[in-house]
**Q** 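Below is one structure. I have some questions about it.
Quantities reported herein were computed from a predicted structural model and do not represent experimental measurements. Here is how names work: the chains are called A, B, and so on, in the same order as the sequence lines, proteins then strands, and each is numbered from 1.
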2 protein chains.
Amino acid sequence: MDTNDPMAYDIFNPNCPSRAVFDRLGERWTGLVLLALKPGTLRFSELRRQVQGITQKMLTQTLRGLERDGMVSRTVYPTVPVTVEYTLTPLGHSLSAAVDVLRAWAIEHIDEIDAARAEYEQAG
Amino acid sequence: MDTNDPMAYDIFNPNCPSRAVFDRLGERWTGLVLLALKPGTLRFSELRRQVQGITQKMLTQTLRGLERDGMVSRTVYPTVPVTVEYTLTPLGHSLSAAVDVLRAWAIEHIDEIDAARAEYEQAG
DNA sequence: CTGTATCCAGTTGGATACTG
DNA sequence: CAGTATCCAACTGGATACAG
């Protein structure tokens, strides 16, 4: 692939780096954690309360992935007990804006989707 | 929830309908199939060739889900052997535009993510 | 060509217990 | 509080065989 040409990136190719990024977004909790951190810094327990339904294990795992990809920064304060804060990096903010487009879309089109499902059941 | 107020929709609530839409997008192949159909109608075998790495089973399953949600319409031509075409509905086109924002983001920020990963490994 | 059906390995993710 | 470690059930998804 000619990596000097942005158009050469092919999201449909499993070996293309852009596909890897796309796959990461497809992980179950990634989008929701990004949206939760969009308004500002949160502690681990606050995140867990915000993203309803996520388990401790999955929250930790998702945060590690986002940290690794440079989306989230993690700060530990040596209080007793320990305090840990998570914040979006500029890169993370940029991505969360794109994810927010999807959230807005979802909310705006709920009714149409519900109608389509009802009709599908009817016909099926 | 007050369904007359769009602001009442809470993507973080597992029982909110907007969350269901968001979850659907998180399924592995949904985004890629939407992007593949964005430029225009494709047959089953063409789709399969385009979305590299998808199996027949997963393509069928993903298309059924999109059809059920009113994103994709399916047309069967009684040729021998049979021909089946898939096209985005207006609703599907609208969603694929939002997904395309993510594709563009992914391609634009690959380098930054790679750099972050390298640094993370270094520190880790 | 466009599916459906079945089997099965691998992964995901929840529950629980424990630690600094 | 913020994790880590372990076990295990459930689901995902690939391979294969078969059908209209």
**Q** Indicate, with yes or no, if B:Leu42 and B:Val76 share a hydrophobic cluster defined by side-chain heavy-atom contacts under 4.5 Å among Ile, Leu, Val, Met, Phe, Trp and Tyr.
**A**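 Same cluster: B:Val76 reaches B:Leu42 through Ile, Leu, Val, Met, Phe, Trp or Tyr contacts under 4.5 Å.
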**Q** Starting at CG of A:Leu59 and ending at P of C:dG14, how long is that distance when rounded to a whole Å?
**A**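 That distance rounds to 12 Å.
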**Q** Can you sort out the partners of B:Thr83 under side-chain hydrogen bond (donor to acceptor under 3.5 Å, both in side chains), two or more places apart, ordered by chain and number?
**A**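 If we apply the side-chain hydrogen bond (donor to acceptor under 3.5 Å, both in side chains) test to B:Thr83, skipping adjacent residues, the hits are B:Thr79.
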**Q** Filter on side chain to side chain donor-acceptor pair (under 3.5 Å), then keep only pairs touching residues 25-43 of chain A, sequence neighbours left out; what's left?
**A**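 Side chain to side chain donor-acceptor pair (under 3.5 Å) check on residues 25-43 of chain A returns A:Arg24-A:Glu27, A:Lys38-A:Asp100, A:Thr41-A:Thr87.
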**Q** Nearest whole Å is fine: how far is C:dG3 C1' from B:Leu47 CG?
**A**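 So the CG-C1' distance, B:Leu47 to C:dG3, works out to 14 Å.
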**Q** Kindly calculate the angle separating the two end axes of the helix from C:dC1-D:dG20 to C:dG20-D:dC1, each obtained from five base pairs, and round it to 10 degrees.
**A**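 Terminal axis comparison yields 50°.
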**Q** Can you measure from CZ (A:Phe44) to CD (A:Glu85) and round to the nearest 0.5 angstrom?
**A**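 CD of A:Glu85 is found 14.0 Å from CZ of A:Phe44.
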**Q** In residues 63-79 of chain A, which residues come under 4.0 Å of DNA chain D by heavy atom?
**A**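 Those residues are A:Arg64, A:Arg74.
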**Q** Any chance you could list the contact pattern along nucleotides 13-20 of chain D? Use B for base contacts, S for sugar-phosphate-only contacts and - for none, protein heavy atoms under 4.0 Å, 5' to 3'.
**A** BBB----B
**Q** For A:Arg74, check side-chain hydrogen bond (donor to acceptor under 3.5 Å, both in side chains) against everything at least two apart and list the hits.
**A**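 For A:Arg74, the residues satisfying side-chain hydrogen bond (donor to acceptor under 3.5 Å, both in side chains) (neighbours in sequence not counted) are A:Tyr86.
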**Q** Starting from P on D:dA2, measure out to CZ on A:Arg48 and report it in whole angstrom.
**A**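 A:Arg48 atom CZ is separated from D:dA2 atom P by 10 Å.
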**Q** With a 4.5 Å cut-off on side-chain heavy-atom distances among I, L, V, M, F, W and Y, is there a chain of contacts connecting A:Val84 to B:Tyr120?
**A**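 No, A:Val84 and B:Tyr120 fall in different hydrophobic clusters.
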**Q** Just how far, in rounded Å, is P of C:dT2 from CG of B:Leu42?
**A**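 For the pair B:Leu42 CG and C:dT2 P, the rounded distance is 11 Å.
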**Q** Taking A:Leu34 as the starting point, is it possible to reach A:Val101 by hopping between hydrophobic residues whose side chains are less than 4.5 Å apart?
**A**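 Different hydrophobic clusters.
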